[in-house]
Amino acid sequence: MNFYQKVYQVVKKIPSGKVATYGQIGSIISSPRSAQIVGFALRALPENSGVPWQRVINSEGRISIQNLRHRQSEQADLLKKEGVEVEFRDNAYCVDLAKYLHRFKRFG
DNA sequence: AAGGTGACTAACA
DNA sequence: ATGTTAGCCACCT
């Protein structure tokens with residue numbers, strides 16, 4: 001199982017209605033400095049992978065997707081559909097991490 | 001096989 | 001507070 005596969009495994013564990021950060025995912029798979037690699041893994045995801053990539057946001061609680069295939073507004077809509085409050089502020093979509101960050105068993 | 005590329009982050013200025 | 005920089009490291013040439 002390569003790094004990307006590990007990332008997908010962890011992302012799949014994020015329950016609907018919750019979010020996680022790139023750095024958090026990296027920490028879970030014992031690679032706390034590879035947050036950016038986590039982003040690569042999600043970018044490499046095919047269209048209908050079954051991996052809830054929309055639940056992964058950056059450490060500031062903002063949506064940082066920069067993929068031509070999807071837009072930030074699309075990720076925001078998906079999260080709203082799952083019950084996550086997303087607020088558009090300062091030209092970016094924001095989520096309250098204190099409220100919606102998922103706590104993994106091995107993290108926090 | 002060596003170097004470039006970033007859906008990141010924390011540290012600076 | 002806001003913008004920039006330098007580490008970061010699995011993948012892809």
Side-chain angles (χ1 to χ4, degrees):
Chain A
M1 178 182 285
N2 61 27
F3 191 90
Y4 282 17
Q5 296 300 322
K6 289 185 192 170
V7 170
Y8 303 149
Q9 292 285 325
V10 175
V11 173
K12 280 186 194 162
K13 289 185 186 148
I14 308 170
S16 180
K18 290 286 185 179
V19 299
T21 70
Y22 297 96
Q24 195 182 7
I25 306 285
S27 293
I28 297 289
I29 57 184
S30 310
S31 191
R33 307 278 173 260
S34 55
Q36 201 164 18
I37 314 298
V38 173
F40 295 167
L42 298 185
R43 181 191 58 184
L45 232 35
E47 194 80 31
N48 296 112
S49 57
V51 177
W53 55 268
Q54 71 274 17
R55 294 174 196 157
V56 185
I57 60 181
N58 68 27
S59 64
E60 299 183 330
R62 297 151 150 273
I63 288 175
S64 58
I65 183 176
Q66 295 222 341
N67 187 319
L68 297 178
R69 207 159 64 206
H70 301 285
R71 298 171 181 218
Q72 298 199 336
S73 61
E74 181 184 350
Q75 183 172 1
D77 287 341
L78 286 169
L79 289 177
K80 286 181 196 163
K81 240 182 275 181
E82 298 179 346
V84 177
E85 295 176 73
V86 185
E87 178 186 359
F88 192 74
R89 183 202 317 160
D90 293 335
N91 223 26
Y93 292 90
C94 311
V95 174
D96 184 356
L97 285 183
K99 216 170 186 177
Y100 294 105
L101 182 67
H102 175 55
R103 306 304 189 96
F104 288 90
K105 280 183 280 187
R106 261 188 115 67
F107 191 88

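By convention in this document, chain letters (A, B, ...) are assigned in the order of the sequence lines, proteins followed by strands, and residues within each chain are numbered from 1. Quick caveat: nothing in here was measured; it's all calculated off a predicted structure.
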Query - side-chain N/O A:S59 vs B:dT9 OP1/OP2, d < 4.0 Å - result: yes
Report task. Please state whether the phosphate of C:dC11, meaning OP1 or OP2, lies under 4.0 angstrom from any side-chain nitrogen or oxygen of A:N2. Result ->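 So the side-chain polar atoms of A:N2 do come within 4.0 Å of the phosphate oxygens OP1 or OP2 of C:dC11, strictly under.
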Nucleotide nearest [X] when distance is taken to its side chain, options [options]:
{"X": "A:S31", "options": "C:dA10, C:dC8, B:dT9", "answer": "C:dA10"}
{"X": "A:N58", "options": "B:dT9, B:dA7, B:dG6", "answer": "B:dT9"}
{"X": "A:Q75", "options": "B:dA7, B:dT9, C:dC9", "answer": "B:dA7"}

What's the [atom1]-[atom2] distance between [X] and [N], to the nearest Å?
{"X": "A:Q24", "N": "B:dA10", "atom1": "CD", "atom2": "C1'", "answer": "17 Å"}
{"X": "A:L42", "N": "C:dC9", "atom1": "CG", "atom2": "P", "answer": "18 Å"}
{"X": "A:I28", "N": "B:dC8", "atom1": "CD1", "atom2": "C1'", "answer": "16 Å"}
{"X": "A:Y4", "N": "C:dC9", "atom1": "OH", "atom2": "P", "answer": "14 Å"}
{"X": "A:L45", "N": "C:dC11", "atom1": "CG", "atom2": "P", "answer": "14 Å"}
{"X": "A:I37", "N": "C:dG7", "atom1": "CD1", "atom2": "C1'", "answer": "12 Å"}
{"X": "A:E60", "N": "B:dA7", "atom1": "CD", "atom2": "P", "answer": "16 Å"}
{"X": "A:D90", "N": "C:dG3", "atom1": "CG", "atom2": "C1'", "answer": "14 Å"}

Report task. Have a look at A:R33 and say if it touches a base, only the backbone sugar-phosphate, or nothing, with a 4.0 Å heavy-atom cut-off. Result ->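 It contacts sugar-phosphate atoms only.
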Query raised in the report: Base, sugar-phosphate, or nothing for A:F3, non-hydrogen atoms under 4.0 angstrom?
Result: sugar-phosphate
Report task. State whether the side chain of A:Q24 and the backbone N or O of A:H102 hold a donor-acceptor pair below 3.5 Å, judged by distance alone. Result -> yes
Query - A:Q54 side-chain N/O to A:Q75 backbone N/O, donor-acceptor pair under 3.5 Å - result: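 Not at all, since once roles are kept as given, no pair shorter than 3.5 Å links the two residues.
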Requested in this report: Please say whether more than 12 non-hydrogen atoms of neighbouring residues, nucleotides or ligands are located less than 6.0 Å from NZ in A:K80.
Outcome: yes
Query raised in the report: Do A:Y22 and A:I37 come within less than 4.5 Å of each other through their side chains, counting heavy atoms only?
Result: no
**Report entry** Heavy-atom side-chain contact between A:I25 and A:I14 under 4.5 Å
**Finding:**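 In contact.
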Report task. State whether the aromatic ring of A:Y22 stacks on the base of B:dA7, taking stacking to mean ring centres under 5.5 Å apart and ring planes under 30° to each other. Result -> no
